[in-house]
Chemist: 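One structure, as structure tokens, below. Some questions next.
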Amino acid sequence: MKQTTKKKDQFIIAYLVNLEKSEIVISHASYLAAKLGKGLILLHISDKRYTKLSPSDAEVVLKKLCDEQNAKAGNSHCTYAALSGDTKKAISSLPTIMNAVVIVAQVDKHAGWRNATHPRAVLRNFADCRAAFLTVQEPLNTTLLYNDAAMAIDFKKESKDKFIWSSYFPRFLNSTMHVLYYDYRDEFLHRKWYANMQQLHKLYSGLDVTFQPHIMESKSTYLDMNTLRFAEKHGYGIMIAVTTKEKDGLEFFIGTQERRTIVNKQKMPILFLNPREDLYVMCD
């Protein structure tokens with residue numbers, strides 16, 4: 001994972017599909033911007049597949065929303081932008097053209113399949129994104145939601161993609177980071193998992209932060225489904241997950257785990273990371 005430090009200014013992007021129902025996304029994005037010390041950009045993409053709203057018309061609404069945010073914050077930390085074109089290409093370009101480190105997006109299980117908030121549309125449009133993307137189903141009604149964050153660590157190398165971002169929660173959001181794992185009986189799997197845990201412990205020790213380890217039971221084919229159940233049972237508010245890099249035969253038949261977790265009955269926000277070497281992370 002390469003950390004980009006060429007530019008000092010980085011931004012949280014509130015990706016607004018429906019400008020008339022913006023509070024769901026803006027409430028989370030503005031909170032993260034304040035806690036992480038980043039700027040906030042309200043973004044609308046005029047993609048003919050999803051909307052008839054022109055960029056100029058979108059800017060009128062975005063300016064009003066931005067002015068409201070700046071009035072609440074008492075400063076000018078909020079800006080706005082309206083782009084035109086293919087949504088997937090626009091989202092993929094955000095780390096480069098807007099220095100985006102987190103993109104907050106609404107996901108709605110009731111949305112039609114031609115709506116940009118449909119779960120499959122969100123995963124498809126963010127598939128090439130180099131920034132973390134937070135999917136949310138409800139407005140942030142209480143900041144207590146971020147007090148406890150959860151992630152699962154297994155024996156796969158993709159687990160390491162969560163390490164740096166997980167450390168931001170205790171460092172900047174004052175969250176308790178809960179690390180969930182299985183009690184592997186297989187010696188080979190246990191050894192690989194233990195190596196991942198050692199690297200995580202080394203990172204956290206170097207940053208002078210801590211995490212809480214927990215053993216969980218395996219009740220589903222999907223690691224993150226078990227993580228969601230454990231998190232709900234113990235009152236955690238947010239989960240970190242990685243998307244599937246390479247689909248195997250089973251996933252072609254039953255689907256990837258992110259397809260099952262992105263909208264969940266707990267309505268828990270999920271911070272997704274695409275496993276890639278050039279993942280864009282924060283400048284501390």
Chemist: Side-chain contact test, heavy atoms from C-beta onward, threshold under 4.5 Å: evaluate it for K38 versus F11 and give yes or no.
Modeler: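 Not in contact.
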Chemist: Is any side-chain heavy atom of I12 closer than 4.5 Å to a side-chain heavy atom of V101?
Modeler: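 The answer is yes; the side chains approach within 4.5 Å.
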Chemist: Look at the rings of Y146 and F169 and say which category their plane angle falls in: under 30° parallel, 30 to 60° tilted, over 60° perpendicular.
Modeler: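 Ring orientation, 0 to 90° scale: parallel.
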Chemist: For a quick check under 3.5 Å, do N18 and Y50 share a side-chain donor-acceptor pair by atom type?
Modeler: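 No, Y50 and N18 have no side-chain donor paired with an acceptor closer than 3.5 Å.
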Chemist: Would a single hydrophobic cluster contain both W113 and I262, if residues Ile, Leu, Val, Met, Phe, Trp and Tyr are joined by side-chain heavy-atom contacts under 4.5 Å?
Modeler: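 I262 does not cluster with W113.
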Chemist: Quick check: do P269 and T135 have side-chain heavy atoms less than 4.5 Å from each other?
Modeler: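 Result no, sub-4.5 Å side-chain heavy-atom pair not found.
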Chemist: Check whether L19 and V60 end up in the same hydrophobic cluster, where Ile, Leu, Val, Met, Phe, Trp and Tyr are linked by side-chain heavy atoms less than 4.5 Å apart.
Modeler: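 No, L19 does not connect to V60 through the hydrophobic network.
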Chemist: Compute whether any side-chain donor of one residue and acceptor of the other, for S166 and Y204, lie under 3.5 angstrom apart.
Modeler: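 Distance-only check passes for S166 and Y204.
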Chemist: Could you tell me whether the side chain of W165 reaches within less than 4.5 Å of the side chain of V102, counting heavy atoms only?
Modeler: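 Answer yes - side chains close enough.
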Chemist: side-chain hydrogen bond (donor to acceptor under 3.5 Å, both in side chains) between S175 and N147: does it pass, once the steps are laid out?
Modeler: CA-CA 4 Å; S175 309; N147 280 4; over 6 Å; no
Chemist: Specify whether Y168 and F172 have parallel, tilted or perpendicular ring planes, treating 30° as the upper limit for parallel and 60° as the lower limit for perpendicular.
Modeler: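 Y168 vs F172 ring planes: tilted.
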Chemist: With no hydrogens and no angle check, do the side chains of T244 and E258 hold a donor and an acceptor under 3.5 Å apart?
Modeler: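 Side-chain D/A pair, T244 to E258: present.
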Chemist: Under a 4.0 Å threshold between the charged nitrogen and the carboxylate oxygen, would D86 count as salt-bridged to K88?
Modeler: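 Not counted as a salt bridge, because no side-chain N and carboxylate O are separated by less than 4.0 Å.
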Chemist: Taking atom types as modelled, find out whether T87 and R124 have a side-chain donor-acceptor pair closer than 3.5 angstrom.
Modeler: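 Their side chains do not contain a donor-acceptor pair, so the 3.5 Å distance test is not met.
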Chemist: Give the minimum heavy-atom separation between Q137 and K267, together with the two atoms involved.
Modeler: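 Looking at all heavy atoms of both residues, the closest pair is NE2-CA, 3.2 Å.
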Chemist: Any side-chain heavy-atom pair from M239 and L271 closer than 4.5 angstrom?
Modeler: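 No. Closest side-chain heavy atoms not under 4.5 Å.
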Chemist: I'd like to know whether the aromatic ring centres of F155 and Y184 sit less than 6.0 Å apart in this structure.
Modeler: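 Between Y184 and F155, which both carry aromatic rings, the centre distance is below 6.0 Å.
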Chemist: Given the rule in the side chain to side chain contact (heavy atoms under 4.5 Å, CB included) test, do D57 and H44 qualify, once you have shown the distances and angles that lead to the verdict?
Modeler: CA-CA 10 Å; D57 289 337; H44 179 77; over 6 Å; no
Chemist: Any donor-acceptor pair under 3.5 Å linking the side-chain atoms of T261 with those of N264?
Modeler: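 No, T261 and N264 have no side-chain donor paired with an acceptor closer than 3.5 Å.
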Chemist: Mind checking whether Y236 and H178 have parallel, tilted or perpendicular rings, split at 30° and 60°?
Modeler: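 Geometry flag for H178 against Y236: parallel rings.
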Chemist: Are any of the side-chain heavy atoms of L228 and Q266 separated by less than 4.5 Å?
Modeler: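 The answer is yes, as the side chains (C-beta and beyond) meet within the 4.5 Å cut-off.
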Chemist: Check the pair T117, D108 against side-chain hydrogen bond (donor to acceptor under 3.5 Å, both in side chains), reporting the backbone distance first and the verdict last.
Modeler: CA-CA 6 Å; T117 62; D108 183 0; 4.7 Å; no
Chemist: Are any non-hydrogen side-chain atoms of T96 and R130 less than 4.5 angstrom apart?
Modeler: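 T96 reaches R130 side chain to side chain.
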Chemist: Atom CD1 of I26 and atom CG of L65: how far apart are they, to the nearest 0.5 Å?
Modeler: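 If I round to the nearest 0.5 Å, the distance is 4.5 Å.
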Chemist: Should the pair H234 and F230 be assigned to parallel (<30°), tilted (30 to 60°) or perpendicular (>60°) ring geometry?
Modeler: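 Because their plane-to-plane angle is under 30°, the rings of H234 and F230 count as parallel.
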Chemist: Check step by step if side-chain hydrogen bond (donor to acceptor under 3.5 Å, both in side chains) holds for N226 and Y182.
Modeler: CA-CA 10 Å; N226 294 321; Y182 296 148; 2.6 Å; yes
Chemist: In the structure I gave you, are the side-chain heavy atoms of F163 and Q199 within less than 4.5 Å of one another anywhere?
Modeler: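 A side-chain contact under 4.5 Å exists here.
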Chemist: Are L189 and I215 linked, directly or through other ILVMFWY residues, by side chains that come within less than 4.5 angstrom of each other?
Modeler: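 Both belong to a single hydrophobic cluster.
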